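Just so we're on the same page: letters track the sequence lines, and every chain starts at 1. Below, all heavy atoms of this structure are taken into account, side chains as well, without hydrogens, waters or symmetry copies. All of these numbers come straight from a predicted model, not from anything done at the bench.
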Amino acid sequence: MDRSPLGFDQSFPGAADDFSALLRRKGLLSSAVIGPMTRDGTQPRTWQPTEATTILAFKFSGGVLVAGDRRATAGNTVVYDRADKVLEIDRHSIMAIAGVPATAWEMARVLEHSLQYFRRTQLQEMSVDGKVRALSKLLRDNFGFVMQGVGVVVPIFATYDGNSKPEARLYFYDAMGAQFEATDYAATGSGSPAVRGILYYENNWGVKPLHELGEEEAVSIALRALDTAAESDTATAGVDRAGKIYPVIKIVSREGITTLPESKIAAVFKEMVA
Amino acid sequence: MIEEPYRWVEAIANRREYIEGQLAPGSPIAALGYRDGILFLTLGQTRQKLFEIYDRIGMGAIGHPGDIERLRMAAIELASTEGFNRSAADVSLRRLVHYSLSPVMKSAFEQIYGPPYLARMLFAEVGARPEDDMFLRVEYDGEIASNGATYARARQDFAVLSGTRQSVELMEAFLKTEHTPDTSFEAAANSALDAWSVGHMLLQTSDAKELPERAAIAEHRREQLARAAIEAAVLERDGTAAIRYRSLADKELRSLVTQ
């Protein structure tokens, strides 16, 4: 069978095929290969993969806010300080990533194409449950890499459900692909314990609960949380005051996804955080 | 019987006649480039005829639903894997049609013991500027007609698809005089609907050689609009969003085209 991407495959699998299966059939998706293990069952680890850290998301009055710092590290080395961990999957969905970007970006790419492929071939939008499950399957397929200690990804998925009961929906996952729906907020990555502490505190004893916050208040809490995480976690950048590098913040609402311009984040930071 | 060459030619001619007969009643489709994108438009009540293929590529088709579906799936599959494997910018309509769809349709047509594809398709790809828009019509035998300039014809900023050759020719003749590439959406929608009416009238009177009178076109258009739903889609030229294809609901267009 012709395996080139432009080869015309006449044995169409029909409607049931999903995009990952198509990629595998064409030999375009590599799967994890388990390497030799040491006697205690762990993998010999000879190098440090690049990792990205600390993402958070919470529901506020204008939808879901998703934020991520910009640092990528390998061991104790800073590899990159302008990494984008908040990725748009479709018009209403965001996947934010903590973990190994090599795997996570590829995963986001497969997910993005899967949703589009589904819409184009089936002539209908995939349901929110279908999207959440699609990401779960990708994580599960990646578990071989996780076991080798090189490809762990722990994402957050935020989307707007435009169906029967329109509302913003927020999910977080574990590395094996279990999905958990968050009622108010979610945070993953090495800086997440501090972030979770702040979001829990704000939600319960803050001026008002998270879901009642306006946009500026929400942005300022996201910035404060990431800055706090960076205070004790070397793998999290928070706000780089000298380099003027700010976290990426995106908002999912009924209208779609808004990426906050850096100037706006800088203004909120200057007024309410710094 | 194919040991004898003239029998093969005869078999192909019979097959052509059969397919042309099957496709003849197909409702016309007009695709017009305008200032902010490309508009696909047709009228009908039953099956969906306009489809999204990839970020910047749309398709309209007439023919057997099973064959249209196979070709549509193949086109989406090819575009999606290329877009995933390389990038969305590497997905090109020219390559998709010339290297993949056309050869397969030609060999299916000419292998006379196998089934041909009973379908005729119109593809469009939106460019950064109106002069970069590409329109390709692919026939059941793999033949390709493009909107590019030839020695006999200037470049066209539109393309049409219909059941008969005559209908196609007169729709093109109509759009050549009526349509300008730099026009507004509203003007494009009205020209597209008029062109559809011309094509649809020609399907009913098979011997006409001339364009119908303006009043007759307007009358036919009014009658058909009252009965059938408008099916339309646009490929937006605005480069801020990756996905340019958007299908339009009947009510989004109806107020623009009924005075």
Side-chain angles (χ1 to χ4, degrees), chain A residues 1-30 87-94 105-126 134 138 162 250 255-259 261, chain B residues 47-55 57-59 65-88 90-108 111 114-115 117 142 231 233 240-247:
Chain A
M1 192 174 68
D2 190 359
R3 292 211 170 266
S4 101
L6 273 177
F8 189 115
D9 185 357
Q10 286 202 74
S11 58
F12 302 120
D17 203 14
D18 75 359
F19 191 66
S20 314
L22 170 66
L23 291 178
R24 251 179 241 116
R25 190 153 49 81
K26 298 220 168 201
L28 296 173
L29 195 68
S30 56
L87 311 169
E88 290 178 31
I89 300 297
D90 64 21
R91 281 182 196 181
H92 287 94
S93 310
I94 285 179
W105 286 336
E106 194 69 2
M107 217 177 255
R109 201 170 159 74
V110 174
L111 185 62
E112 179 188 352
H113 279 78
S114 299
L115 304 189
Q116 286 173 19
Y117 182 77
F118 183 88
R119 189 191 66 242
R120 286 171 178 145
T121 57
Q122 309 304 306
L123 304 172
Q124 67 181 55
E125 198 72 38
M126 196 189 284
L138 288 173
K250 289 181 198 280
E255 286 71 41
I257 295 171
T258 329
T259 305
Chain B
R47 278 194 344 252
Q48 182 171 346
K49 288 206 287 292
L50 305 178
F51 304 99
E52 174 183 12
I53 300 297
Y54 205 64
D55 293 4
I57 302 174
M59 172 184 116
D67 286 334
I68 292 173
E69 202 55 19
R70 279 153 59 85
L71 291 161
R72 182 177 81 83
M73 286 284 181
I76 294 174
E77 191 177 303
L78 291 164
S80 301
T81 44
E82 176 71 355
F84 173 80
N85 201 33
R86 295 203 172 87
S87 83
D90 292 300
V91 176
S92 97
L93 177 59
R94 180 185 57 81
R95 288 168 64 213
L96 181 67
V97 167
H98 283 84
Y99 304 161
S100 296
L101 295 177
S102 167
V104 169
M105 292 178 82
K106 178 178 193 298
S107 58
Q111 282 163 10
Y117 287 102
E231 187 185 345
T240 47
I243 298 169
R244 314 290 183 81
Y245 185 93
R246 189 163 63 86
S247 50

Do the side chains of [Y] and [X] get nearer than 4.5 Å, heavy atoms only?
X      : Y      : result
B/F84  : A/F19  : yes
A/R120 : B/I243 : yes
A/R119 : B/E52  : yes

Inset, instruction - Would you mind checking which part of A/Q116 comes under 4.5 Å of any heavy atom in chain B, side chain (CB onward), backbone (N, CA, C, O), both or neither? - result: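 Side chain only.
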Legend entry - Value rounded to 0.5 Å, distance of CG in A/L22 from CE in B/M73: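 The CE atom of B/M73 is 11.0 Å from CG of A/L22, to the nearest 0.5 Å.
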Legend entry - Under 4.5 Å from a heavy atom of chain A, the part of B/Y54 involved: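 Its backbone and side chain both get close to chain A.
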